[in-house]
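Below you'll find the structure, written out as structure tokens, and then a few comments.
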Amino acid sequence: MALQLPAWWKIDPTAPFELGPRRLPGRIWTASGCFAYGLTGHDFAAPGFASPYEGLGAVVTKTVTPAPRAGNPMPRLAETACGAINSIGLENVGFDRFCDEVLPELERRGVPTVASLAATRPAEFGTMAARLHRVAGGFAHWHGVEVNLSCPNVAEGGHDFGRDPATVAECVAAARAELPDRALLAKLTPNITDITELSGAAINAGADAVSAINTVLGLEVDLTTGQPVLPRRFGGYSGPAVLPIALAKVDEIVQKTGGKVVGVGGIATATDALKFFALGAVAVQVGTAQMRDPFAAARIARELRPG
Amino acid sequence: MALQLPAWWKIDPTAPFELGPRRLPGRIWTASGCFAYGLTGHDFAAPGFASPYEGLGAVVTKTVTPAPRAGNPMPRLAETACGAINSIGLENVGFDRFCDEVLPELERRGVPTVASLAATRPAEFGTMAARLHRVAGGFAHWHGVEVNLSCPNVAEGGHDFGRDPATVAECVAAARAELPDRALLAKLTPNITDITELSGAAINAGADAVSAINTVLGLEVDLTTGQPVLPRRFGGYSGPAVLPIALAKVDEIVQKTGGKVVGVGGIATATDALKFFALGAVAVQVGTAQMRDPFAAARIARELRPG
Amino acid sequence: MLRLEAAVPEFSPVPTVSTTAAFLANVRESAGLIRLDVSLARPVPFAAGQFAMVNLAGEHSLVFSRPFSILSATEERMSFLYRVVGRGTAALAGLRAGQELTILGPLGRPFPGPGAVGGKPVVLIAGGVGLPPLHNWLTRHGRPGDLGFFGGRDGQDIPWQLLDERWQISVDERTDIPAGREAWPGRVADFAARHAALQGAQPRVVFSCGPIPMLKAVAELAAARGWACHVSLEEHMGCGYGACKGCVVPVVDDGGAGWRNATCCVEGPVFSADEIRWDRYGKPAVPLPTIEG
Amino acid sequence: MLRLEAAVPEFSPVPTVSTTAAFLANVRESAGLIRLDVSLARPVPFAAGQFAMVNLAGEHSLVFSRPFSILSATEERMSFLYRVVGRGTAALAGLRAGQELTILGPLGRPFPGPGAVGGKPVVLIAGGVGLPPLHNWLTRHGRPGDLGFFGGRDGQDIPWQLLDERWQISVDERTDIPAGREAWPGRVADFAARHAALQGAQPRVVFSCGPIPMLKAVAELAAARGWACHVSLEEHMGCGYGACKGCVVPVVDDGGAGWRNATCCVEGPVFSADEIRWDRYGKPAVPLPTIEG
Ligand SMILES: Cc1cc2nc3c(=O)[nH]c(=O)nc-3n(C[C@H](O)[C@H](O)[C@H](O)COP(=O)(O)OP(=O)(O)OC[C@H]3O[C@@H](n4cnc5c(N)ncnc54)[C@H](O)[C@@H]3O)c2cc1C
Ligand SMILES: Cc1cc2nc3c(=O)[nH]c(=O)nc-3n(C[C@H](O)[C@H](O)[C@H](O)COP(=O)(O)OP(=O)(O)OC[C@H]3O[C@@H](n4cnc5c(N)ncnc54)[C@H](O)[C@@H]3O)c2cc1C
Ligand SMILES: Cc1cc2nc3c(=O)[nH]c(=O)nc-3n(C[C@H](O)[C@H](O)[C@H](O)COP(=O)(O)O)c2cc1C
Ligand SMILES: Cc1cc2nc3c(=O)[nH]c(=O)nc-3n(C[C@H](O)[C@H](O)[C@H](O)COP(=O)(O)O)c2cc1C
Ligand code: FES
Ligand code: FES
């Protein structure tokens, strides 16, 4: 049952590592949107685990936007044969409550945190980063920011916000300017012809790493009605089905862009995570699998400890 | 066990239908590359089926190129949890043998045929279409051409051949000019930011329909070595995992492009096929599933006959 | 076998446990309802109205676990009551002896305990797979005067073995009623409204679980009589523990909009009926927006 | 039970059948080798050396079926011999009574029949899971003078029950040899080369199936003695019936390049050893190209 670790695997993913100006406690993270704000499940128990947070390198919190969002209509989820399609619509408490309530509570509980941010104008990333720095600059457990550049249709100026390398660079640069001592990641969309244009732009603009991938556009049909299951028709496809796509994107980025990659997409087991590390990822994030099993990331972290 | 057909489904997919200037014998096809040249399996039997060709609307033959190709090194296939990654590399007998040997034999056997063609210069599509018209213009079972515009890196002029709407239009127009009385389809890549730019270009240039989708770029890692399984690292991802992606692309095309769509990607059952028809596809193609079961398309055709 | 349920007469949150369980049996309780019995690797104490996320263990596990109210449990065993409606419930119905499941539970806010109903008699109104939480409540906490109502389509639809004399039964069609049992014609909410025991001024508390139209009718009945009413909502769920925001229901809010999204799995599944914005429930909560993620 | 095999003493292609089969048993034949017995819904006549594509039926079916040589069959039953190496073979090893499989077969070109070897004695050289086609040939067609060789790592690795006195056994390590049985030390090809019965001028025909290094050694042995040699190649397969070009092997060709890709599943899996371009086999067949599809 226990995974036989391959000979080339020598890293302890629960040991600290440097990411840009910051030292993070480990390489197995949870992905944004799949483990809420890192405040859920603290009292959950599983055989051998005191909590789902054991061994986690970071919780990437649910993306927050400058103003709170109510999100999309229900249903927001469709399950397919080997994946999930979501259309949550970035429901979130808003950046103010995130700063005032969420981050301090994460600090109190000692949850290693990477804050995921989205906005509609590049400059807002700077404003938000600056405020985080003011509020949480002294926190021991706030390690960085992931700018979520992977939502279609948020830009005021059109639908290519996160697909336009120049805009990606602007957003990253704005956040970087205000984040002297925290890790900065740019989360990229796979729904683009050439992801390396985005990764190159992000790294050049100062991101310490890119996170790849966000969800793939997907659709599920309700056969009874002949209509899409989700009210907005399409949604973001994730889970085991997207693993090979995520691996391909990560490989492309590693091969063509000088810069670090955090792998995300379809990871449910230690084996899946190893595939990203094999391609050169410096850390990985567990998304959909974390929804099924709050201990998914913790189990992977434990299984990947050599010896 | 037998599928309960939904109330909205009224079509007999084994009845002829018009596609551009041609009447095709049915709406359930096999996809290019997954049923060879339509000359294999004719003597196969399954309970209730005299042959795998029963009820098929068309076999889209393996893509042929002007010159024969030896294809990529082995291994060429990797299986994933819910899909397949292939890197066959368009091994084919070449257009000459296709015209001289394959097409006449298909005609003799009465196999409904759509010929898949690829080339490195748009004008070649015209040359090939013209020769098909000369050789097979009188054939009863040759129904059309699918121009395969979905292979990265075939262009002499760079890597955006099938991703550039202008080139897509040129290829389609060149073939159209020589195909007065056969259906013309353009097969599109999903590995692009906006597939509707391609579908729009193809339809405007005279395609009777677009086929969507070809494979999604994917990669599988061999954990023992830490290296990609396929010698070329990435390959084309297909099978059940890509169904929701194909549905999303087909929906986007139907919603935004005036023009017909032939749905392909992840279809293994009648239920899967119905999802494409629900979104407005005029026909569907069965690819990877046909490799597992030569009767896959025939079974779907039978199951979808109403009443 | 210690009955753990007795340990939580009132709701004081108990830690959620992630455990494996072995399939024991699928027992048909009515034409549509199957009781699933599993043997637990670890005890899962719970309060009536709480649920568990259930999945197959190993490589055949579903991408999402499925929420099911807990019908009953001991330290070693747990039972659910379910209907086959799709892939997940079909997989449960196809389980073979010894196959392993995963269980995450207990989850969610339960029905108020007997000490929290202000001494008022409780009326429990259930439809179909809404039975488990109410059945569990009545079995654990029921006192004389508490009364259960269960509604089905016809006699075949009724899990007769589970429903003792404390349950009043209604059916749309009065066919297949076993000898010695009774079933009244009509919808269960109408039947409860007309029931002799519920006439008069005695204030009561209503608990309900079942299809949304039924819940709405029950909520109206309770409102008309001025009775407190708690409903358990079976919203689609992804995670069941507050991680994904896939399970929201519109509730009353003092803020500008007059409503907000409550997370059904952690703020519910049991809500006070007057918290729910029934007018928005099941409808798009916001004009279709242009963002996803 | 009519033995169908007798019906095809020489190879005249029989139609390929797509059928279901029910799992009967997994029987351990050696430390690493398992015999899979299935009960066929339809008969599948075949010739020695042909294979079938095997899969689980229903929703747990693998994306690709897996090729296995047929060990033996009657009208009602079929047996395979396999080793667990990955997902597919692990799934076979985990089958439970009554579970359904799909079978597509027979497929491929078999070994030459007894009438096609020009009266020469046949030498069969097998390693590991290369045994089934040769075992089947010897069982069906073997005459006095035909001789089998089987090589394993040690005594645990040998399927003793399957190998009667017509089989000579060699092992890398001479441990765990059952009482009354013999096993010679060394590689099977070397062992065959040195074997007393194979000395002298008598021309022979060699059939072989097993790991590639073994096949190469066997091919060299045969070439050195001027014997005809046929090898069965276990190349990766997607479809097994010529649909995908996922299974090519480099063979000699008169055309410009001196070689071409043969489709292992339809032109093989049995090839004449001198058809194979051993120098290219297992190496990239062409410089890495810039096209896929
Ligand atoms: C707190 C809670 C407790 C529940 N308790 C029980 C129980 O005790 N017994 C029982 O049988 N069921 C119960 N359910 C409902 C049960 O979770 C669903 O029936 C189950 O998830 C369906 O899974 P499936 O894969 O079979 O169906 P799917 O294929 O997922 O869906 C089949 C159909 O059911 C619909 N559906 C799926 N999930 C829900 C849902 N949660 N609400 C409304 N419609 C849905 C789908 O839209 C679809 O039309 C409960 C749900 C919740 C949220
Ligand atoms: C004509 C033919 C007859 C065969 N007969 C038998 C038989 O009688 N008994 C038996 O045990 N096996 C036989 N094989 C091999 C068998 O098909 C593979 O072992 C099986 O497909 C592996 O499936 P898997 O899912 O367990 O392994 P996978 O997960 O697919 O692969 C596990 C490992 O095996 C390698 N592998 C997979 N398939 C092949 C292959 N075809 N050739 C070489 N390496 C491969 C993979 O690269 C990987 O390293 C035969 C193959 C062919 C082509
Ligand atoms: C329900 C759900 C909500 C998500 N919300 C967010 C989000 O708010 N921000 C974000 O960057 N990614 C979000 N994602 C994407 C995931 O973080 C992840 O990139 C993607 O799901 C692929 O990984 P997975 O296959 O492991 O889930 C969400 C995914 C899911 C399934
Ligand atoms: C082994 C293999 C070979 C393929 N070869 C071709 C090809 O030559 N030309 C082409 O247009 N598509 C080719 N495809 C793509 C399929 O036609 C189809 O578009 C894709 O696989 C998605 O459908 P599916 O999921 O049903 O397989 C190939 C796919 C596979 C799996
Ligand atoms: S189901 Fe995920 S938050 Fe409720
Ligand atoms: S395995 Fe598909 S052609 Fe041989």
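So that the names make sense, note that chain A is the first sequence line, chain B the second, and so on, each numbered from 1. We use all heavy atoms of the structure for the numbers below, so side chains are in, but hydrogens, waters and symmetry mates are not.
- Looking only at side-chain heavy atoms (C-beta outward), A:Val229 and A:Ile85 stay at 4.5 Å or farther from each other.
- Contact annotation for B:Leu223: both backbone and side-chain heavy atoms come within less than 4.5 Å of a heavy atom of chain A.
- Of the two parts of A:Thr80, only the side chain, counted from C-beta on, holds a non-hydrogen atom closer than 4.5 Å to a non-hydrogen atom of chain B.
- With a threshold of 4.5 angstrom between heavy atoms, A:Thr271 approaches chain B through its backbone and through its side chain.
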Starting from the C-alpha separation in whole Å, work towards a yes-or-no answer on salt bridge (Lys or Arg N to Asp or Glu O under 4.0 Å) for B:Glu252 and A:Arg233. CA-CA 10 Å; B:Glu252 236 186 310; A:Arg233 306 186 77 86; over 6 Å; no

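- Chain A forms the most heavy-atom pairs under 4.5 Å with one residue out of B:Pro6, B:Cys82, B:Gly266, B:Ala81, and that residue is B:Cys82.
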The test is side chain to side chain contact (heavy atoms under 4.5 Å, CB included); show your working for A:Asp293 and A:Arg299 and say whether it passes. CA-CA 10 Å; A:Asp293 175 10; A:Arg299 292 186 216 274; 2.7 Å; yes

Could you please spell out the steps behind the salt bridge (Lys or Arg N to Asp or Glu O under 4.0 Å) verdict for B:Asp12 and B:Arg27? CA-CA 9 Å; B:Asp12 178 354; B:Arg27 298 172 189 266; over 6 Å; no

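- For chain A, no part of B:Gln227 is nearby; none of its heavy atoms comes within less than 4.5 Å.
- At a threshold of 4.5 Å between non-hydrogen side-chain atoms, the residues B:Ile245 and A:Tyr237 count as touching.
- Looking only at side-chain heavy atoms (C-beta outward), A:Leu274 and A:Leu304 come within less than 4.5 Å of each other.
- When heavy atoms are compared at a cutoff of 4.5 Å, A:Ile192 approaches chain B by way of both its backbone and its side chain.
- The residue among B:Ala278, B:Ala241, B:Ala246, B:Pro244 with the most heavy atom pairs within less than 4.5 Å of chain A is B:Pro244.
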